[in-house]
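Note that the coordinates shown come from a computational prediction; the quantities given were computed from them, not determined experimentally. Convention: sequence-line order gives letters A, B, ...; per-chain numbering from 1.
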Amino acid sequence: MPELPEVETVARILREGAPNGTLPLVGRTIRSAKVLWPREVASPTPHAFARRIAGSRVQSVGRYGKYLLIGLRGAGDGADALSLLVHLRMSGRLEVVSRSEAFTPHARLVWLLDDDLALRFEDARKFGRVWLVDDPAEVIGKLGPDAIDIKYEEFVSRLRTRFGALKPLLLDQTFIAGIGNIYADEALHLARLHPLRTADSLSEDEAVRLYAAIRQVLLEGIAANGASFDWVYPGGKFQENFKVYGRTGQRCPTCDSPIRRIIVTQRSTHFCPVCQPPAG
DNA sequence: GGGCATGTTAGCAC
DNA sequence: TGTGCTAACATGCC
């Protein structure tokens with residue numbers, strides 16, 4: 001499921017709960033951690049991870065790029081601040097559930113909470129990762145600015161140091177953090193830029209369009225609670241607004257031309273050949 | 001069975 | 001150093 005808008009939606013639900021009765025995670029005490037698939041614990045060792053997190057209390061839930069940042073206060077006096085970071089990768093889901101619902105077939109980690117609740121990390125494809133660190137920068141320190149927070153001046157100054165194609169650039173989390181394959185394609189279409197245009201070829205006007213398009217598609221995605229269109233993740237509505245992603249051969253909503261699909265750096269890339277002409 | 005999948009990383013070449 | 005290509009991670013759906 002997870003690009004910036006989907007991760008933001010998960011963070012909001014963990015912070016505030018959800019209308020369907022899902023309770024907030026903030027304020028809960030983590031009694032213990034059950035590691036069902038140790039390879040998803042990136043740091044420290046799974047044993048140390050479980051030992052160190054036990055007894056801590058959830059202070060905050062945030063997001064940076066595609067990472068969930070869960071702020072903890074450790075157990076005991078002189079309690080140290082800890083950060084639990086979760087990356088959902090391709091198929092991760094993180095939800096507060098009742099303890100009786102926690103141990104599903106795809107549950108990879110389960111944190112047992114107070115009041116017979118649990119925080120469940122399901123991940124069919126096992127690509128997800130969790131970290132327990134003193135300082136989030138140990139994990140996210142090399143990421144670029146968050147794609148929602150970045151200001152235009154910084155976006156352009158970073159853009160002007162790059163020379164490669166726009167599609168892989170938008171997916172480069174050290175350039176800008178949070179954009180994935182869907183929102184990259186949607187942003188490039190909205191900006192009327194071909195995915196293989198190079199960063200150094202953009203005019204000032206085109207750079208403005210790209211910046212504005214990124215903001216718009218991400219904010220619309222957040223407003224729609226993200227996108228969901230397969231077996232992985234129910235909930236969001238943004239898939240109903242896709243203009244190009246997954247619409248190969250269908251009509252461009254702007255100009256009625258058939259949407260084309262190409263492969264760029266191993267990723268499916270959808271664009272309108274009329275609205276997004278190649279450089280030339 | 002083959003092709004596809006919202007992500008990231010390592011190794012390699014230029 | 002920047003860029004981009006390939007393979008790998010592991011599983012499930014169509």
Handout entry: OP1 or OP2 of C:dA10 under 4.0 Å from side-chain N/O of A:His106
Key =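 No, because none of the side-chain N or O atoms of A:His106 sits under 4.0 Å from OP1 or OP2 of C:dA10.
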Handout entry: Pairing partner (Watson-Crick or G-U wobble, both distances under 3.5 angstrom) of C:dC13
Key =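 B:dG3 is the nucleotide pairing with C:dC13.
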Which of these nucleotides, [options], is closest to any side-chain atom of [X]?
| X | options | value |
| --- | --- | --- |
| A:Ser268 | C:dG12, C:dA10, B:dA5 | B:dA5 |
| A:Arg261 | C:dG12, C:dC5, B:dC4 | B:dC4 |
| A:Ala124 | C:dG4, C:dG12, C:dC9 | C:dG12 |

Problem - Heavy-atom protein contacts under 4.0 Å, nucleotides 7-14 of chain B, coded B base, S sugar-phosphate only, - none - result: BB------
Using whole Å, report how far [atom1] of [X] lies from [atom2] of [N].
| X | N | atom1 | atom2 | result |
| --- | --- | --- | --- | --- |
| A:Ile263 | C:dA7 | CD1 | P | 14 Å |
| A:Asp172 | C:dT1 | CG | P | 16 Å |
| A:Arg39 | C:dA8 | CZ | P | 14 Å |
| A:Phe175 | C:dT3 | CZ | P | 10 Å |
| A:Leu169 | C:dG4 | CG | C1' | 13 Å |
| A:Phe242 | B:dA5 | CZ | C1' | 13 Å |
| A:Leu159 | C:dT3 | CG | P | 11 Å |
| A:Trp37 | C:dA10 | CH2 | P | 7 Å |

Exercise for the section: Select from A:Arg108 and A:Arg162 the residue whose nearest nucleotide in DNA chain C is closer to the 5' end of that strand. Expected result: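 Nearest-nucleotide comparison on DNA chain C picks A:Arg162.
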Practice task
Would you indicate what A:Arg129 reaches in the nucleic acid, counting non-hydrogen atoms under 4.0 angstrom: base, sugar-phosphate, or nothing?
Solution key: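 Counting heavy atoms under 4.0 Å across all strands, no contact is made by A:Arg129.
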Practice task
For A:Phe163, report the nucleic acid contact type (base, sugar-phosphate, nothing); a contact means any heavy atom under 4.0 Å.
Solution key: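 Touches sugar-phosphate only.
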Exercise for the section: Check the side chains of A:Lys142 and A:Thr174 for a donor-acceptor pair under 3.5 angstrom, ignoring hydrogens and angles. Expected result: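 The answer is no; no qualifying pair exists.
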Exercise for the section: Give a yes or no on whether A:Leu143 and A:Leu218 share a hydrophobic cluster (residues Ile, Leu, Val, Met, Phe, Trp, Tyr; joining criterion: side-chain heavy atoms under 4.5 Å apart). Expected result: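 No, separate clusters.
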Problem - Enclosure of A:Arg260 CZ (heavy-atom neighbours >12, cutoff 6.0 Å) - result: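 No - once you tally the heavy atoms of other residues, nucleotides and ligands closer than 6.0 Å, there are 12 at most.
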Exercise for the section: Kindly say whether A:Lys151 contributes a backbone atom to a donor-acceptor pair with the side chain of A:Glu154 at under 3.5 angstrom? Expected result: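 Checking the backbone N and O of A:Lys151 against the side chain of A:Glu154, no donor-acceptor pair under 3.5 Å is found.
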Exercise for the section: Take the angle between the ring planes of A:Tyr211 and A:Tyr152 and call it parallel below 30°, perpendicular above 60°, tilted in between. Expected result: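 A:Tyr211 and A:Tyr152: perpendicular rings.
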Practice task
Give me the ring orientation class for A:Tyr183 and A:Phe238: parallel if the planes are under 30° apart, tilted from 30 to 60°, perpendicular past 60°.
Solution key: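 The rings of A:Tyr183 and A:Phe238 lie parallel, inter-plane angle below 30°.
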Problem - Cation-aromatic face contact A:Lys34/A:Trp111, 6.0 Å, 45 degrees - result: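 No, cation not above the ring by the 6.0 Å, 45° rule.
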